[in-house]
Protein chains: 2
Amino acid sequence: MTGLRARQKRLRHERILDAALLLFREAGYDAVRTEDIAAAAEVSVGTLYNYFENKGDLLLALVTLEVEEVLEQGVAVVKSPPADIAEALNLLIGGYYDHSNTYLTKELWRTAMALTIQAAETPFSQRFTALDRSLTDQVCALVAELQRRGLARGDVDAVALGQVIFNTLNQMFIEFVKLEEMTIEALKAAVARQVEALALLLAAPGPSLRPLD
Amino acid sequence: MTGLRARQKRLRHERILDAALLLFREAGYDAVRTEDIAAAAEVSVGTLYNYFENKGDLLLALVTLEVEEVLEQGVAVVKSPPADIAEALNLLIGGYYDHSNTYLTKELWRTAMALTIQAAETPFSQRFTALDRSLTDQVCALVAELQRRGLARGDVDAVALGQVIFNTLNQMFIEFVKLEEMTIEALKAAVARQVEALALLLAAPGPSLRPLD
DNA sequence: CTTTAAATTTGAGCGAACTCAATAATTTTC
DNA sequence: GAAAATTATTGAGTTCGCTCAAATTTAAAG
């Protein structure tokens with residue numbers, strides 16, 4: 001049987017997290033004090049800090065939830081993408097963007113991203129960065145899959161190009177969360193223009209272009 | 001004649017900034033307290049906040065200095081770029097990276113970027129974002145120039161592609177400042193691989209490829 | 001040169017994240 | 001089952017960014 005201590009530990013951990021996530025989403029990160037979270041979880045502030053490094057650590061739980069679901073969703077697209085390059089990329093990226101407000105608000109995304117950059121080399125940042133890397137890998141996988149199917153030029157470095165695409169979709173997402181009034185549709189449109197340009201370059205040489213030698 | 005008031009104002013502003021920049025670079029952003037800056041500038045904390053919105057505003061001065069010099073440097077590259085696409089892009093981007101540690105350390109960059117994201121819609125963020133936009137424009141201008149010279153495919157959206165390139169170089173720079181042990185050479189190598197991929201796609205149809213119709 | 005008005009400086013005080021020595025609860029030992 | 005040892009909780013206290021009412025300095029008016 002699990003000892004009383006272990007059981008209480010699990011329970012408290014869960015209660016603190018639940019309280020934090022609820023309050024963050026309902027009032028925003030900055031407006032919620034650690035004291036409020038502790039009170040809602042019926043523990044003292046000291047205990048809260050016994051379970052989590054800092055306030056940001058609590059936020060990471062939400063982010064992880066969000067990104068892991070997004071990754072799962074992406075698997076299907078990579079497995080059998082549309083035959084058109086731009087369409088395939090927009091489907092994957094659009095899936096990321098559409099899911100992005102399931103658990104997190106723009107403010108929470110901003111905070112999470114800021115913490116990741118500022119407090120680099122902390123567990124928080126490293127876990128966040130690992131999620132980013134998983135997303136990059138997924139984009140690379142899609143590019144490779146498009147090449148495998150002969151839909152995209154095979155002579156280009158799929159990993160390098162996948163990184164470029166992830167970097168640009170991520171940077172555009174940062175701009176999106178920075179502008180409170182920008183809609184997801186506007187974000188998608190801006191990225192679609194970039195995807196269009198890349199898709200044109202990446203198009204497999206068709207009947208109108210052919211090596212001479 | 002400039003009144004006593006105006007003269008003292010200019011002097012104090014300058015003294016505060018100088019003190020902040022010196023202390024930031026020598027001890028790091030977090031380690032320096034606003035009280036320390038005020039003391040070094042021989043004013044009270046209240047006065048410091050009369051001249052600057054907040055601690056981050058002081059950092060912005062350094063960032064602005066850095067980016068404005070970088071932009072100036074880039075003008076020459078855009079005006080007469082090397083004939084090779086990859087070489088031209090790497091020259092511009094390498095120039096950005098090489099200059100990046102002239103006034104700022106990695107820690108200061110991290111802080112500045114984090115503040116820009118977190119405190120979006122503040123003057124700080126908007127000025128930083130404007131600098132980013134200038135850099136994007138410069139990359140776009142280089143792509144357009146390469147097209148004008150017939151070095152790059154002319155049928156692709158130069159603005160969209162320029163944005164993609166800036167986004168990726170910026171994101172890679174973020175990764176760089178996040179890893180304290182990563183060298184500029186390693187950063188350049190990683191970006192060069194991406195530039196290589198794009199340059200291949202962007203190569204103007206040469207003697208070995210030609211439209212059939 | 002006073003008096004009045006305007007602008008500027010000042011530093012004690014506030015709020016919120018986080019710490020740590022004292023206390024309490026649980027487990028182990030005999 | 002009592003005592004000792006281990007582990008966890010607690011909340012007052014510390015720190016630092018930032019504010020604001022009072023005091024001071026400079027400029028303008030009479």
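Lettering of chains follows the sequences in order, A, B, ..., and the numbering in each one begins at 1. Worth saying up front: this structure is predicted, and the values here are computed from it rather than measured. The figures that follow rest on heavy atoms only: side chains count, while hydrogens, waters and symmetry mates do not.
The interatomic distance linking B:K9 (NZ) with C:dA7 (P) rounds to 9 Å, in whole Å. Counting to the nearest Å, the C1' atom of C:dA17 and the CG atom of A:N54 are 9 Å from each other. Atom CD1 of B:I37 and atom P of D:dC18 are 10 Å apart (whole Å). One can place CG of A:L11 at 12 Å from P of D:dT9, the figure rounded to the nearest angstrom. A straight line from CZ of B:F52 to P of D:dG17 spans 16 Å, rounded to a whole angstrom. With rounding to whole Å, B:R7 atom CZ is found 14 Å from C:dT8 atom P. If you measure from atom CG of A:D30 to atom C1' of C:dA17, you get 12 Å, rounded to the nearest angstrom. Rounded to whole Å, atom P of D:dT10 lies 11 Å from atom CG of A:L48.
For C:dA17, the base has no donor-acceptor partner in the side chain of A:R33 [N/O atoms by modelled type, under 3.5 angstrom].
Between B:Q138 and B:L71, the closest heavy-atom pair is NE2-O, 2.9 Å.
Side chain of A:E121 to main chain of B:E180: a donor-acceptor pair is present (N/O by atom type, distance under 3.5 Å, no hydrogens or angles).
Of the side-chain N and O atoms in B:T47, one or more sit less than 4.0 angstrom from OP1 or OP2 of C:dT10. Between B:T34 and the phosphate of D:dG17, there is a side-chain N or O to OP1/OP2 separation shorter than 4.0 Å.
For A:Q73 and A:Y96, the side-chain atoms include no donor-acceptor pair closer than 3.5 Å.
In this structure, B:Y51 reaches the sugar-phosphate backbone alone: every heavy-atom distance under 4.0 Å involves primed, P, OP1 or OP2 atoms, never a base. Using a 4.0 Å heavy-atom distance criterion, A:Q8 is classed as a sugar-phosphate-only contact.
Checked against C:dA17, D:dT6, D:dG17, the side chain of B:K55 finds its nearest nucleotide in D:dG17. Considering only the side chain of B:N50, C:dT9 comes nearest among C:dT26, D:dT9, C:dT9. Of the listed nucleotides (C:dT19, D:dT10, D:dC18), C:dT19 has the atom at the smallest distance from the side chain of A:V45. Here the side chain of B:R12 is nearest to one of D:dT10, C:dT8, C:dT26, namely C:dT8. The side chain of A:S44 lies closest to D:dG11, out of C:dT10, D:dG11, D:dT7. The nucleotide whose nearest atom lies closest to any side-chain atom of A:Y49 is, among C:dC18, D:dC18, C:dT10, C:dC18.
Using a 4.0 Å cut-off between charged nitrogen and carboxylate oxygen, B:E14 and B:R10 do not count as a salt-bridge pair. Salt-bridge annotation for B:D36 and B:R33: present, with a side-chain N of the basic residue lying under 4.0 Å from a carboxylate O of the acidic one.
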